[in-house]
There are 2 protein chains.
Amino acid sequence: MEFDANRPIWLQVMNALETDIITGRRKPGEKLPGGRDLALRFEINPNTAARVYQELEKTGLCETRRGMGTFVTGDETVIASARNDFIRQTVKNFLQRMAQLGETPQSAARMILREEE
Amino acid sequence: MEFDANRPIWLQVMNALETDIITGRRKPGEKLPGGRDLALRFEINPNTAARVYQELEKTGLCETRRGMGTFVTGDETVIASARNDFIRQTVKNFLQRMAQLGETPQSAARMILREEE
DNA sequence: CTTAGTGTACTGTGCATATAGTACACTAAT
DNA sequence: ATTAGTGTACTATATGCACAGTACACTAAG
C-alpha cells in the first residue's frame, strides 16, 4: 500500500480497515491481524499499528481484548450505519468540491455516466 | 477559514487559491495578496504564507516577482488545463472511493441526483 | 533619497508523526 | 509450568509542520 505523504499513516491504515469492515470484506466478530502482524503487512512501525487499533476502537467498529487481539464488532447495526455515514459523507464532499469548481450536481452526474462510455 | 488538522495548512491555503484561480474568481495577471497580507487573512504565520506561494508557483498557476509580489499567470491555457485536471481528478477519486464502498457509477449518479429532490 | 510594500533568509521553539528498540502483562493452548 | 500470540507502555531519535521574531534585499512611488 502506498501512503499519501500529507496525511498520517495510522489514519490511512485505519481508513483501509474501516472500508474492509463496512463492505463486509471483514465479517462481524472476525479477528483482525495482531499489532505486529499488521505492522508487517502494511510495512509500518508496530507503534503506528497499535495506534491504528486504538483509534479504530473509538469508532465502535472493533473491540480490543487484551491478550486476545482486536475483533470486528458483532453489532451489525453499527456497521450498517457506519457504511451509510461513509457514503453520505463521500457524496457530500464530492458535491461540495464540484460546486467550488463551478459544477452543478447535474453536470457532475453527467460526467460520471460519461466515464462509462 | 477552518483547517483540517490532518493536512498541512500551507497545502490547504494553496488549494483555496488554486480554486479561486481556476474558477476565475482571480483573473489572469491579477496581483495576489502579499505574504504578510495573506498571513493576516488566513490567520496563519507569515512563514507558512510564504511557503504557499513557493509551492503554488511550482504549479505554474502564478508567478512571483521579487519586490513586486505574486501574480496569477497570464497564460489562460495553463489555467484552463489545470481546471480540467482538477475536475477529472475529483471525479476519478470520487468513483474510486465509491467503488471501494461497493457502489457503481450508476448508483453514485443516482444518489447525487436524489440529493436534489 | 526616502518610504512602503514586497520576497527572501535566517534562528529558535514546540508539537505531532513515524521510526527503532525494549520490556512487561494478559490469554489461550500445550 | 511453559510457550506463543497478543496488547500495552516506555525511552530515544529523526523529520516535518507551524509558529514567533528578526533581518536583509528588491521594486515602485513619492
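Throughout, protein chains are lettered first and strands after them, A, B, ... in sequence-line order, and every chain is numbered starting at 1. Only heavy atoms go into these numbers, but all of them, side chains included; no hydrogens, no water, no symmetry mates.
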- line: When Gly67(A) and Pro46(A) are each assigned the nearest nucleotide of DNA chain C, the 5'-most assignment goes to Pro46(A)
message: Quick check on side chain to side chain contact (heavy atoms under 4.5 Å, CB included): which of Leu11(A), Thr70(A), Leu38(A), Ile9(A) does Val52(A) satisfy it with?
response: Leu38(A)
field: Derivation and outcome, side chain to side chain contact (heavy atoms under 4.5 Å, CB included), residues Glu103(A) and Thr90(B)
entry: CA-CA 11 Å; Glu103(A) 300 292 332; Thr90(B) 300; over 6 Å; no
query: Expressed in angstrom and rounded to an integer, what is the separation of Phe42(B) atom CZ from dC17(D) atom P?
result: 19 Å
statement: Closest non-hydrogen atoms of Leu61(A) and Ile21(A), given as atom of the first, atom of the second and distance, are O-CD1, 3.9 Å
- request: Go through residues 25-41 of chain A and report each residue with a non-hydrogen atom lying under 4.0 Å from DNA chain D, sorted by number.
  value: Lys31(A), Gly34(A), Gly35(A), Arg36(A)
task: Using a 4.0 Å heavy-atom cut-off across all strands, classify Thr48(B) as base, sugar-phosphate, or nothing.
output: sugar-phosphate
query: Under 4.0 Å: is that the gap between some side-chain N or O of Asn47(B) and OP1 or OP2 of dA18(D)?
result: no
message: What is the first contacted nucleotide of DNA chain C and what is the last, in 5' to 3' order, if contact means an atom lying under 4.0 angstrom from a heavy atom of chain A?
response: dT17(C) to dA28(C)
field: Interface residues of residues 49-59 of chain A with DNA chain C (non-hydrogen, below 4.0 angstrom)
entry: Arg51(A)
- request: Consider only side-chain N and O atoms of Asp75(A) and Thr77(A), and report whether a donor and an acceptor are under 3.5 Å apart.
  value: yes
query: Roughly how far, to the nearest 0.5 Å, is CG of Asn6(B) from CH2 of Trp10(A)?
result: 5.5 Å
field: Cationic N near anionic O, under 4.0 Å, Glu76(B) to Lys27(B)
entry: no
- request: Would you check, one step at a time, whether the test side-chain hydrogen bond (donor to acceptor under 3.5 Å, both in side chains) holds for Gln89(B) with Asp85(B)?
  value: CA-CA 6 Å; Gln89(B) 195 60 44; Asp85(B) 291 347; over 6 Å; no
- request: Give the C-alpha distance, both sets of side-chain angles, the deciding distance and a yes or no for side-chain hydrogen bond (donor to acceptor under 3.5 Å, both in side chains) between Gln100(A) and Arg97(A).
  value: CA-CA 5 Å; Gln100(A) 283 178 342; Arg97(A) 183 75 185 119; 2.7 Å; yes
query: Any salt bridge between Arg26(A) and Glu18(A), counting N to O under 4.0 Å?
result: no
- request: For Asn45(B) and dC19(D), give me the distance from atom CG to atom C1', rounded to whole Å.
  value: 5 Å
statement: When rounded to the nearest 0.5 Å, the distance separating CE of Met111(A) from CG of Leu113(A) is 11.5 Å
task: Return the 5'-most residue of the pair Arg65(A), Asn6(A) with respect to DNA chain D, ranking by each residue's nearest nucleotide.
output: Arg65(A)
message: Test of understanding: clusters of I, L, V, M, F, W, Y form through side-chain heavy atoms closer than 4.5 Å, transitively. Do Phe86(B) and Val78(B) belong to the same one?
response: yes
